[in-house]
Amino acid sequence: MKSVEAHLAEILATVRPLAPLELELERALGTTLAEDVSSPVPLPPFDNSAMDGYAVRARDVADVPVTLPVIDDVAAGSGELRAVGPGHAVRIMTGAPLPGGADTVIPVEWTDGGTVTVTISRTADAGNAVRRAGEDVQTGEVVLKAGTLIRPAQLGIIAGVGRRRVLVRPQPRVVVLSTGAELVEPGMPLGHGQIWDSNSFTLTASVREAGAEGFRATTVGDDPTAFLEQLDAQLVRADAVVTSGGVSMGAYEPVKEALSPLGTVNFEKVAMQPGMPQGFGVVGEDQVPIFALPGNPVSSFVSFMLFVRPAVMKMRGLPAGFPETSSAIVTGALRSPSGRRSYLRGVLAEDGTVSPVRGQGSHQLAALASANALIVVAESVTEVAAGSEVEVIRL
Ligand code: AMP
Ligand code: MG
């Protein structure tokens, strides 16, 4: 059996970061910067007031209280400014440019708030409540490096240096395709022997949580030809495809039957539980990566976390690897098959304990939904006693 490490290594050696393209800022959230972004101007671009108050010369307010004539009003956005002469005050608002001659700002709270004259009751040193040009960013300074994930604050600084468009690696478009003759669309009545398709919802949502665009394709039955037709139709919009079901050892395994003859997709047994049967390879002219995951709901979910999520990260140009683990104390005994790494479902508590959920079957979707962690049990370990330290992956 192939190790989980070897399987992920093969996947990461195959998938490539998406080619950079220029996007409007409105579409750049969640993408990865593919250029260094620098500022064409200093930020702030000019000296300005950090508070609502009065721009004065510090030496004119050395002895307080003092009453000064208010010779002008400057709001944020004011272009033409009158200089502040000796003994003068200018009423100034937050973000407004500091007029010439003034070297400090007295907050309105330290004054009587006058508009013709102002009485100032507290003194301040030069530079009080003044934001200096360039104190955030100097002209030409790199504010974000290539490879940075664009989140709201990063989007803000890109806009803040005046950019409308930015070179990024886009979010990969990932098509999710469930297979199974037994599957019925949720909301429709269930016949005997049928179940509602849940995997395509879990997987599409997982794709989105991994920072990609998820497209849920219409489910296909167990006919390899129908599967190939649907795959073909979906490939035009896919940077990667995730399928569920039809990869096991039984009959009516449409994914395996359709893709094996291509020779570009391998179906293997990976030493893990759940999720032993795994298919991975590339399809179509563009060599689109395809992840053929097993159909059991817990198996496909765990497979996604271990293999597809890191691949999505790599396609986004971000660091990619197995999910991070931390340690916890397990509250109940665990069993695990020899030679396979187990990913058991558990509830991680604030106190650093993890309790295995009731129902560890790979079909037990409700048990999965009640968990917030996967408990990892190494290949060589078959029994874990209650109270032992274990590795967990937070979900
Ligand atoms: P398969 O991998 O196709 O042999 O399916 C394994 C098990 O997972 C079977 O019990 C299927 O009914 C179930 N299964 C397959 N696909 C889905 C799906 N999309 N949603 C929920 N259960 C599924
Ligand atoms: Mg099936």
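Start at 1 with the first residue, then count along the sequence. This one's a predicted model, so the numbers in the text were calculated from it and none came from an experiment. As the structure lists them, so they are numbered: ligands from 1, and atoms in each ligand from 1.
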Suppose I only count heavy atoms of [X] and a 4.0 Å limit; which atoms of ligand 1 are within that range?
{"X": "Ile195", "value": "12 (O), 21 (C), 22 (N), 23 (C)"}
{"X": "Thr179", "value": "16 (N)"}
{"X": "Gly245", "value": "1 (P), 2 (O), 3 (O)"}
{"X": "Ser244", "value": "16 (N), 19 (N)"}
{"X": "Gly246", "value": "1 (P), 2 (O), 3 (O)"}

among protein heavy atoms, the one nearest atom 9 (C) of ligand 1 is Glu182 OE2, 4.1 Å
Which protein non-hydrogen atom lies closest to atom 17 (C) of ligand 1, naming both residue and atom, and how far is it?
Asn199 ND2, 3.2 Å
On the 0 to 90° scale, with breaks at 30° and 60°, tag the Phe307-His7 ring pair as parallel, tilted or perpendicular.
perpendicular
Sort out for me which residue in Gln273, Arg340, Arg341 forms a side-chain hydrogen bond (donor to acceptor under 3.5 Å, both in side chains) with Glu379.
Arg341
Is it the side chain (CB and beyond), the backbone, both or neither of His363 that lies under 4.0 Å from ligand 1, heavy atoms counted?
neither
Heavy-atom contacts under 4.0 Å between Pro277 and ligand 1: side chain, backbone, both, or neither?
neither
Kindly indicate whether the side chain of Val66, heavy atoms from C-beta on, has any atom under 4.5 Å from the side chain of Leu68.
yes
Any side-chain heavy-atom pair of Met305 and Tyr343 under 4.5 Å
no
By side-chain hydrogen bond (donor to acceptor under 3.5 Å, both in side chains), which residues pair with Arg173, not counting sequence neighbours?
Asp239
Validate the cation-pi geometry between Arg309 and Phe304: distance from NZ or CZ to the six-membered ring centre under 6.0 Å, angle to the ring axis within 45°.
no
Check each of Ser248, Ser178, Pro186, Gly295 against atom 4 (O) of ligand 1 and report the one with the nearest heavy atom.
Ser248
Candidates Thr243, Leu365, Asp197; heavy atom nearest atom 19 (N) of ligand 1 found on Asp197
